[in-house]
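Reading through the structure tokens given below for one structure.
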Amino acid sequence: MAGRFAPKPTRTTVRGGHVAVPAGVPRQAAPVAGRVRTHVPDGPLDLGLVLGPLRRGPGDPTFRATPDGSVWRASRTPVGPGTLRVSARGGEVRGEAWGPGAEWLLDRLPEMLGAADDPSVFAPRHRIVALARHRRPGLRLTRTGLVLESLIPSVLEQKVTTDEAYRAWRLLVRKFGEPAPGPAPERMSVMPAPRTWALIPSWEWHRAGVDNKRASTILRAVQVAARLEEAVRMDAAAAQARLEVVPGIGPWTSAETVQRSHGAADAVTVGDLHLPGIVGFALAGDRDADDAVMLELLEPYAGQRHRAARLILLSGRVPPRRAPRMPRGDIGRL
């Protein structure tokens with residue numbers, strides 16, 4: 001029965017990677033047949049939990065969950081743009097892909113679905129973590145093998161509200177990206193190529209609400225895009241070190257990136273405004289915990305600290321609000 005009556009998504013559980021994927025509706029055949037690959041996971045698999053961290057807001061042009069129970073992703077792979085449709089039925093996962101990057105996406109489908117992740121090594125040390133794991137048996141950590149597609153939206157999320165960051169990502173990808181190949185849902189787009197990011201005029205960053213500091217960080221990153229993509233062949237710690245060589249990319253951004261590109265089970269997001277208080281409140285009743293306290297509380301989960309933090313977020317247990325939410329800004333109106 002575990003996971004059958006999973007809680008509905010909240011702002012906190014969505015940050016933990018919870019995306020509602022409809023279930024029980026027969027998958028409709030795509031009007032244009034693509035290349036197909038199947039994968040049989042070695043345990044429970046929840047598409048919404050595994051692929052949920054890749055969605056950057058409900059209007060993300062590169063991600064869509066459709067009523068037929070499919071998850072669609074539009075990616076820029078090393079061999080070109082590609083669209084991937086993933087659906088799960090009867091213990092088997094079916095991937096169908098279109099575009100120049102179709103084979104690349106299908107070859108990495110198992111890792112994207114968490115095949116390289118081993119949740120059995122995780123041992124809960126707190127009741128709230130154990131309960132969250134019991135309720136979410138299909139949680140696996142995805143590994144996309146793509147750095148830039150996780151790095152750029154993570155930079156956009158620096159020091160602003162998630163709504164502002166999601167809006168910037170949505171506007172920039174829709175305006176400067178390209179339509180997703182194949183029969184993708186309406187208005188799905190592949191993110192811009194590195195050179196296209198580099199050529200975005202300053203006023204377009206401003207209209208999207210992106211300040212000069214974040215825009216400059218992205219411009220520096222795309223100039224060395226090939227070197228950053230090479231980091232997928234490194235372990236997570238070495239990959240973070242390479243990313244942080246780029247001015248403007250710190251531990252927060254590098255951790256948010258390798259959690260997705262590498263499936264890094266131990267990459268803790270430090271420097272976050274809310275996460276230390278959530279972890280502190282859930283594990284010790286300390287809503288004022290800072291990064292040092294959070295890391296101390298997560299020490300029993302060494303090697304699996306990111307998984308533990310995700311389960312805490314997915315538990316939905318957060319300290320009561322003491323102040324209004326941070327107001328949303330929009331420098332594009334200035």
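What you are looking at is a predicted structure, and each value in this text was computed from that prediction instead of being measured. Both backbone and side-chain heavy atoms feed into the values below; hydrogens, waters and symmetry mates do not.
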Decide yes or no for [X] and [Y]: does some side-chain heavy atom of the first lie under 4.5 Å from some side-chain heavy atom of the second?
{"X": "Glu111", "Y": "Asp117", "result": "no"}
{"X": "Arg187", "Y": "Pro179", "result": "no"}
{"X": "Arg35", "Y": "Glu103", "result": "yes"}
{"X": "Lys175", "Y": "Arg207", "result": "yes"}
{"X": "Thr38", "Y": "Val93", "result": "no"}
{"X": "Arg133", "Y": "Leu139", "result": "no"}
{"X": "Arg233", "Y": "Glu230", "result": "yes"}

Of the non-hydrogen atoms in [X] and [Y], which two are nearest, and what is the gap between them?
{"X": "Ser154", "Y": "Glu256", "answer": "OG-CB, 3.6 Å"}
{"X": "Ala97", "Y": "Leu106", "answer": "CB-CG, 3.8 Å"}
{"X": "Pro53", "Y": "Arg310", "answer": "CG-NH1, 3.6 Å"}
{"X": "Gly248", "Y": "Thr217", "answer": "CA-OG1, 3.5 Å"}
{"X": "Gly99", "Y": "Pro181", "answer": "CA-CB, 3.7 Å"}

What verdict does the side chain to side chain contact (heavy atoms under 4.5 Å, CB included) test give for Glu92 and His39, after you've listed the backbone C-alpha separation in whole Å, the side-chain angles of each residue and the deciding distance to 0.1 Å? CA-CA 6 Å; Glu92 180 181 85; His39 170 66; over 6 Å; no

According to the interplanar angle, ranging from 0 to 90°, do the rings of His126 and Tyr301 count as parallel (below 30°), tilted (30 to 60°) or perpendicular (above 60°)? tilted

If you apply the rule side chain to side chain contact (heavy atoms under 4.5 Å, CB included), what do you find for Glu157 with Trp252, and how did you get there? CA-CA 10 Å; Glu157 292 173 10; Trp252 185 94; 3.8 Å; yes

Tell me whether [X] contacts the main-chain N or O of [Y] through its side chain, where contact means a donor paired with an acceptor under 3.5 Å.
{"X": "Glu229", "Y": "Val147", "answer": "yes"}
{"X": "Arg317", "Y": "Ile278", "answer": "no"}
{"X": "Arg174", "Y": "Pro61", "answer": "no"}
{"X": "Thr62", "Y": "Val190", "answer": "no"}
{"X": "Arg64", "Y": "Ala74", "answer": "no"}
{"X": "Arg143", "Y": "Met112", "answer": "no"}
{"X": "Arg56", "Y": "Tyr166", "answer": "no"}
{"X": "Ser75", "Y": "Thr77", "answer": "no"}
{"X": "Arg94", "Y": "Val36", "answer": "no"}
{"X": "Trp205", "Y": "Asp211", "answer": "no"}

Before accepting this row, confirm whether a basic side-chain N of the pair Asp42/Arg140 lies closer than 4.0 Å to the acidic partner's carboxylate O. yes

Provide the full list of salt bridge (Lys or Arg N to Asp or Glu O under 4.0 Å) pairs with a residue in residues 289-306, sequence neighbours left out, each pair given once. Asp266-Arg305

Side-chain donor-acceptor pair present, [X], [Y], cut-off under 3.5 Å:
{"X": "Gln223", "Y": "Arg220", "answer": "no"}
{"X": "Ser254", "Y": "Gln240", "answer": "yes"}
{"X": "Arg85", "Y": "Ser70", "answer": "yes"}
{"X": "Gln158", "Y": "Thr253", "answer": "yes"}
{"X": "Thr161", "Y": "Glu164", "answer": "yes"}
{"X": "Thr83", "Y": "Glu96", "answer": "no"}

Verify the cluster assignment for [X] and [Y]: are they in a single hydrophobic cluster under the rule of side-chain heavy atoms below 4.5 Å apart?
{"X": "Phe281", "Y": "Val318", "value": "no"}
{"X": "Ile200", "Y": "Leu219", "value": "yes"}
{"X": "Val129", "Y": "Leu49", "value": "yes"}
{"X": "Val246", "Y": "Leu156", "value": "yes"}
{"X": "Phe122", "Y": "Leu131", "value": "no"}

Measuring from atom [atom1] of [X] to atom [atom2] of [Y], what distance do you get when rounded to the nearest 0.5 angstrom?
{"X": "Asp60", "Y": "Leu54", "atom1": "CG", "atom2": "CG", "value": "9.0 Å"}
{"X": "Trp197", "Y": "Phe176", "atom1": "CH2", "atom2": "CZ", "value": "9.0 Å"}
{"X": "His262", "Y": "Asp235", "atom1": "NE2", "atom2": "CG", "value": "7.5 Å"}
{"X": "Arg136", "Y": "Leu311", "atom1": "CZ", "atom2": "CG", "value": "9.0 Å"}
{"X": "Leu151", "Y": "Leu146", "atom1": "CG", "atom2": "CG", "value": "12.0 Å"}
{"X": "Leu109", "Y": "Asp107", "atom1": "CG", "atom2": "CG", "value": "9.5 Å"}

Lys/Arg cation over aromatic Trp104: Arg108, 6.0 Å, 45° cone: yes

Using side-chain hydrogen bond (donor to acceptor under 3.5 Å, both in side chains) as the criterion, list what pairs up with Arg76, not counting sequence neighbours. Glu178

Dump the intermediate steps for side chain to side chain contact (heavy atoms under 4.5 Å, CB included) on Leu148 and Met191, then the final yes or no. CA-CA 10 Å; Leu148 220 60; Met191 80 167 197; 4.0 Å; yes

Take Leu275 and Ile312 through the side chain to side chain contact (heavy atoms under 4.5 Å, CB included) test and state the conclusion after the steps. CA-CA 10 Å; Leu275 186 61; Ile312 291 169; over 6 Å; no

